[in-house]
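Accompanying notes for the structure given below.
Atoms within a ligand are numbered from 1 in the order they appear, just like the ligands themselves. For the single chain, residues carry numbers from 1 onward in sequence order.
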Amino acid sequence: MVQFKKEEKEKTDFRDRLATIDESGKRVWVYAKKPKGQLTFWRNIVGFVLMIFFFTAPFIRIHGEPLLLLNFIDREIVLLGVRFWPQDFHLFFLAMISLMVFIILFTVTFGRLWCGWACPQTVFMELIFRRLEYWIEGDAYHQKQLDKQPWKAGRIFRKTIKHILFFGISFIIGNYFLMYIIGSGSWEKLVTESPSEHIAGLSSMLVFSGVFYFIFSWFREQVCTIVCPYGRLQGVLLDRNSIVISYDYKRGEPRGTFFKGEDRAKAGKGSCINCTQCVQVCPTGIDIRNGTQLECINCACCIDACNGMMDATNQPRGLIRYASEKTIAEGTRLKFNIRTIAYSAVLIILLGVFTFSITARKPIEATILRAPGMLYQEPEPGKISNLYNIKLVNKTNQDLPIELKAIDPQGEIKVIGNDITVKKQSVGESVFFLILDKEKVVSDKNPVHFDIYSNGKLIEEIKSTFVGPNKP
Ligand code: SF4
Ligand code: SF4
């Protein structure tokens, strides 16, 4: 009885602790075996495309604007070449809300697809750092052996080379990360001008490099299992219909050793041959046969490993596969149900709304207000004037000459000082008089309509008021 209870506890204690932390609370280092297979191949392709994007995006310009700039400190945000101004806060807010809804719907429907295929942590870790590790220290078995060796020349040499390369690459990633914050232009100044002028920038560069080195050389999968808020949310986001990486326990159990020529069905065994290949390749150190777990980043390495074993033992592939808990329990195949299609449609609509909001954004914003504390003036007999302040936000990448017209009622505009030109990406202010014929001023508060032109093109229409003398 005691033995039975112990076995039961061992079977379920993965629920009580992380696979990478032992009972005494110490880190269990994961020596993940090199994965290979169809999904790994495609994951590598996706990863390389994303890395090309990551390393080229800071230099891509759209109408002179960076593709992506996230300078929250100076409130400079550029998405897809569109610069967000404080006046565009509603758009940015909409973008963030859309993103959050997108993440929730995407996760509810497709599980942690993002984590396994597109998250920078996974892409850099698996495609760069772990590859280098395999190259320098060998596969998981050799890495384990190396770590058991005393600190002699061979071990010191391999570890030194590894950590120099790890830091070098972390430094490169850190610099690119910085470019996404300050822009490639400012980064160029940072590395070409005197260090004394860029103490803060250079310090950030070193801090980012240090953080990335720490993450990729030591912290690794713990980012996904302990720190990442998205990972921690899985418990509430996933449900029985979410598509995750699943072990088909109905087909796999009872697991049992493989013997050549044996009829497994007759021997009362399921398809799982208990080879533990799926566990050995897992970068988070879990056994997917225990069911969906918080640590699973959906990297699909276990699918490839298991498919390899299924091929070797002449059994159909797919013992571990992309499936929902429901389809596994009911023994049905994964198909797109109404919910998946509806959620996907909402995701597409959200993306559409966001793209439309950005592209339909006004390139210039203007406000015209009567000068505070001023009533009307009579500049000459038969004429009445009001003084106005105009404020213009030029969100484009060109200087814009501005022409003002009073449309309804028609009147004369007299700008005080030079003609109005608003420099690119900046705010301009000016003051002007609107002079109307006395007979057009029908009351003490008259509506007026201004049109704002630039280079002959109507760019904004503004309504304001014109103060006149009290009429009996
Ligand atoms: S269980 Fe499979 S999919 Fe999940 S992290 Fe481990 S290897 Fe990747
Ligand atoms: S790789 Fe497949 S067969 Fe081997 S232990 Fe894992 S689930 Fe079972």
**Request:** Using a strict cut-off of less than 4.0 Å between a Lys/Arg side-chain nitrogen and an Asp/Glu carboxylate oxygen, indicate whether Asp147 and Lys159 qualify as a salt bridge.
**Result:** yes
**Message:** Does atom CZ (Phe48) have a neighbourhood of more than 12 heavy atoms from anything else shown, all under 6.0 Å?
**Reply:** yes
**Fill in**
of all protein heavy atoms, closest to atom 5 (S) of ligand 1 is Ile297 N, 3.4 Å
**Request:** Run through the protein N/O/S atoms less than 2.8 Å from atom 8 (Fe) of ligand 2 and write them out by chain and number.
**Result:** Cys272 SG
**Message:** If I take atom NZ from residue Lys34 and atom OG1 from residue Thr40, how far apart are they, to the nearest 0.5 angstrom?
**Reply:** 11.0 Å
**Message:** Looking at Met125, is its backbone amide N or carbonyl O close enough to the side chain of Arg130 to form a donor-acceptor pair, meaning the two atoms are under 3.5 Å apart?
**Reply:** no
**Item:** Expected output: side-chain Gln143 to main-chain Gly138 donor-acceptor under 3.5 Å
**Value:** yes
**4.0 Å heavy-atom contact, Ile245 with ligand 1** = yes
**Modelled atom types, side-chain donor and acceptor of Gln280 and Thr276, under 3.5 Å** = yes
**Request:** List the closest protein heavy-atom neighbour of atom 4 (Fe) of ligand 1: residue, atom name, distance to the nearest 0.1 Å.
**Result:** Cys296 SG, 2.3 Å
**Request:** Mark up the atoms of ligand 2 that fall under 4.0 Å of a heavy atom belonging to Met310, in ascending order.
**Result:** 3 (S)
**Request:** List every atom of ligand 1 that sits less than 4.0 Å from any heavy atom of Ile288, numbering the atoms from 1 in the order shown and giving each element.
**Result:** 1 (S)
**Complete:** Near Ala300 (heavy-atom distance under 4.0 Å), the atoms of ligand 1 are 3 (S), 8 (Fe)
**Complete:** Numbered in order shown, the ligand 1 atoms found under 4.0 Å of a heavy atom of Cys299 are 3 (S), 5 (S), 7 (S), 8 (Fe)
**Residues Arg112 and Thr292: side-chain donor-acceptor under 3.5 angstrom** = no
**Contact atoms of ligand 1, heavy-atom distance to Asn298 under 4.0 Å** = 3 (S), 4 (Fe)
**Request:** Using heavy-atom distances, let me know which of Ser246, Cys282, Gly116 sits nearest atom 6 (Fe) of ligand 1.
**Result:** Cys282
**Request:** Drop me the distance from Arg255's CZ to Ile273's CD1, to the nearest 0.5 angstrom.
**Result:** 12.0 Å
**Asked** Which of the numbered atoms in ligand 1 are below 4.0 angstrom from a heavy atom of Cys302?
**Response** 1 (S), 2 (Fe), 3 (S), 7 (S)
**Prompt:** Parallel under 30°, tilted from 30 to 60°, perpendicular over 60°: which one fits the rings of Phe212 and Phe177?
**Reply:** perpendicular
**Request:** Give the C-alpha distance, both sets of side-chain angles, the deciding distance and a yes or no for side-chain contact (heavy atoms from CB on, under 4.5 Å) between Arg321 and Ile328.
**Result:** CA-CA 10 Å; Arg321 60 179 185 271; Ile328 295 278; 3.6 Å; yes
**Item:** Atom indices of ligand 1, in the order listed, that fall short of 4.0 Å to a heavy atom of Thr284
**Value:** 5 (S)
**Request:** Describe, in one word, how the ring planes of Phe219 and Phe214 are oriented to each other, choosing from parallel (under 30°), tilted (30 to 60°) and perpendicular (over 60°).
**Result:** parallel
